[in-house]
Every structure is written in structure tokens, then in C-alpha cells.
Amino acid sequence: MRKKWHLIFFLASYQLAVTGHTTPLPDLPRIDMANFLPATRNQIEQVYSAALAKPDSADTCGTLGMVLDAYEQQESAETCYRRAHLIEPNSFRWSFYLGWVQVALGKNGEAVVTFGEAVRMNPDYLPARLKLAESLLAAGQPQESSKLYQAITKQRPEFAEAHYGLGRAYAAQGDATAAVASYLEACELFPPYGAAHYALALAYRKLGDTANARQHFNVFEQNKT
């Protein structure tokens with residue numbers, strides 16, 4: 001089976017190298033500059049002009065996406081990142097940025113695929129692995145998400161966000177006891193972690209432990225931000 005997938009990957013890569021893009025490139029987005037302040041408009045116009053001048057450059061298209069992303073124009077940014085990713089499919093950064101904006105747009109199923117590609121290219125990059133686990137959970141795959149979070153917490157046990165994510169994955173599977181253990185670990189590693197305290201309070205309440213639930217709700221109220 002592994003040899004079969006290696007062969008498929010090789011043939012797909014060879015076809016891409018010989019024929020070019022296998023998927024049509026999306027057009028660069030139309031941007032209404034009137035919605036921006038003058039300084040912002042000038043910045044966007046510069047990178048937009050560069051992208052129009054070199055539409056087959058992943059750098060110019062991706063840079064336009066980064067600027068639009070910075071100004072919360074996620075839909076247009078996604079188009080630019082997708083174009084850059086198709087031009088340079090083996091570039092980690094365009095896969096990572098594309099997945100990031102897909103999460104922001106709620107396209108979690110697509111983000112799973114995109115972050116999966118990014119992690120295969122750079123398996124040691126923790127933010128990509130965390131976003132993949134988050135996307136799996138949001139896409140309704142809590143078991144796969146928990147497996148990835150477990151692997152991250154074993155490798156980086158000091159990382160509170162991974163324990164919090166693992167708790168959310170356990171909670172989505174209906175295992176409140178396991179969720180409590182993971183949330184507690186996150187709170188111990190980072191005491192002012194408001195979201196973790198809130199999730200922990202909900203898990204305690206589900207288990208009928210009202211005293212601990214009240215305690216962590218109070219901590220959450222002091223650390224909402």
C-alpha cells in the first residue's frame with residue numbers, strides 16, 4: 001500500500017512538472033480601494049500592482065494575500081494564497097497561510113487538507129500541527145484531533161495550548177473526566193488561561209462537581225482576556 005501511494009505521488013508530481021498547473025489558477029481578487037484609509041490604500045495598491053504585473057509569481061500573489069490578510073480581508077487573501085499555493089505547491093509558507101485564513105473563514109474541512117500538506121512538508125513546525133489538530137476538531141473529527149494533540153503533548157509537555165486543545169477533543173467525544181485532566185494541566189502550566197478555566201468549569205459541572213466548577217468560573221471571570 002505504501003509503495004502504491006508513493007507511485008501515485010510520483011506520477012502526480014511528474015505530471016505537474018511536465019504540464020504545469022493541474023488546477024486552474026483563481027483570478028486575482030477585485031479590490032474596492034474606496035473602503036480603505038489613504039495610507040492603507042497606498043500600501044494595498046502597491047502590492048496589488050506588483051501582483052497584476054507578475055500574476056504568475058507566487059511571491060507577488062502571496063504578498064498581496066499577506067497584506068489583505070493583515071487588514072482582515074480574508075476572502076480576498078484566501079484567493080491570493082490559493083493562487084500562490086498552486087504556483088508553488090511545495091512551498092510551506094503558502095500552505096500554512098492558506099490554511100490559517102481558511103480557519104478564519106470557517107472552512108475547516110479545507111483547512112484540514114491544507115494544514116495536512118503543510119505538516120507533511122515541515123512536520124516539526126508546532127504551529128502547523130496545532131492548527132491541523134484545531135481544524136480536525138472543528139471539522140468534526142475529534143478522535144483524529146485528540147491523537148494529534150496527544151502526540152504534541154508528549155513531545156512538548158510544557159505547551160499549555162496543546163493540553164487545552166486535547167481537553168476540547170476529549171470533551172467533544174463525551175469524556176468529561178479526561179477533559180478535566182487535560183484542562184487542569186493547561187491551567188497549571190498557565191494559571192491565567194481564561195479559556196481553559198472556563199472549559200474546565202463546564203467539564204466539572206458536567207461531572208456534577210459544582211464546587212470546583214464555581215471556583216474555575218470565578219478564575220475565568222478574572223482572566224477573560
Once rounded to the nearest 0.5 Å, what's the spacing between atom [atom1] of [X] and atom [atom2] of [Y]?
X      : Y      : atom1 : atom2 : answer
Thr63  : Leu68  : OG1   : CG    : 11.0 Å
Tyr170 : Thr177 : OH    : OG1   : 11.5 Å
Glu134 : Ser145 : CD    : OG    : 9.0 Å
Glu88  : Asn90  : CD    : CG    : 9.0 Å
Leu132 : Tyr149 : CG    : OH    : 9.0 Å
Phe159 : Leu130 : CZ    : CG    : 5.5 Å

Can you find a heavy atom in the side chain of [X] that is under 4.5 Å from one in the side chain of [Y]?
X      : Y      : result
Asn218 : Gln215 : no
Leu98  : Glu78  : yes
Thr210 : Arg205 : no
Trp94  : Ile87  : no
Phe36  : Ile44  : yes
Arg82  : Gln102 : yes
Arg93  : Tyr97  : yes
Leu148 : Val119 : no

Salt bridge (Lys or Arg N to Asp or Glu O under 4.0 Å) contacts in which one or both residues fall within residues 165-190, not counting sequence neighbours: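 Listed by first then second residue: nothing to list.
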Taking only residues at least two apart or on different chains, which pairs with a member in residues 151-164 satisfy salt bridge (Lys or Arg N to Asp or Glu O under 4.0 Å)?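 Counting only pairs at least two positions apart or across chains, the salt bridge (Lys or Arg N to Asp or Glu O under 4.0 Å) contacts touching residues 151-164 are Arg156-Glu158.
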Which pair of non-hydrogen atoms, one from [X] and one from [Y], has the smallest distance, and what is that distance?
X      : Y      : answer
Gly65  : Ala77  : O-CB, 3.4 Å
Ala151 : Arg129 : CB-NH2, 3.9 Å
Ala84  : Ala58  : CB-O, 3.5 Å
Arg83  : Leu25  : NH1-CB, 3.5 Å
Met121 : Pro89  : CE-O, 3.9 Å
Ala104 : Gln74  : CB-CG, 4.1 Å

Hydrophobic clustering (ILVMFWY, side-chain heavy atoms < 4.5 Å, transitive) - are [Y] and [X] grouped together?
X      : Y      : answer
Ile152 : Val112 : yes
Phe92  : Phe115 : yes
Val67  : Leu28  : yes
Val103 : Leu126 : yes
Leu166 : Leu137 : no

Modelled atom types, side-chain donor and acceptor of Ser182 and His163, under 3.5 Å: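 No - no donor-acceptor pair under 3.5 Å links their side chains.
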Tell me, please, which residues at least two apart from Glu221 pass salt bridge (Lys or Arg N to Asp or Glu O under 4.0 Å).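 Glu221: salt bridge (Lys or Arg N to Asp or Glu O under 4.0 Å) contacts with Lys224.
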Set of salt bridge (Lys or Arg N to Asp or Glu O under 4.0 Å) partners for Arg41, sequence neighbours left out: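 Arg41: no salt bridge (Lys or Arg N to Asp or Glu O under 4.0 Å) contacts found.
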Kindly check if the number of other-residue, nucleotide or ligand heavy atoms within 6.0 Å of CD (Gln173) is above 12?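 Counting neighbours around CD of Gln173, more than 12 heavy atoms of other residues, nucleotides or ligands fall under 6.0 Å, so yes.
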Would you list the pairs meeting ring-ring contact (aromatic ring centres under 6.0 Å, His included) in which at least one residue belongs to residues 48-77, sequence neighbours left out?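 Non-adjacent pairs meeting ring-ring contact (aromatic ring centres under 6.0 Å, His included): zero.
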Any donor and acceptor pair, going by atom type alone, linking the side chain of [X] with main-chain N or O of [Y] inside 3.5 Å?
X      : Y      : answer
His197 : Pro192 : no
Ser76  : Gln73  : no
Thr153 : Gln150 : yes
Ser146 : Gln143 : yes
Thr79  : Pro29  : no

Linking Ile, Leu, Val, Met, Phe, Trp and Tyr through side-chain heavy atoms less than 4.5 Å apart, which residues share a cluster with Tyr193?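 Traced through the cluster, Tyr193 reaches Tyr164, Val180, Tyr183, Leu184, Phe190, Leu200, Tyr204, Leu207.
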Parallel, tilted or perpendicular for Phe96 and Tyr125, by the 30°/60° rule?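 Because their plane-to-plane angle is over 60°, the rings of Phe96 and Tyr125 count as perpendicular.
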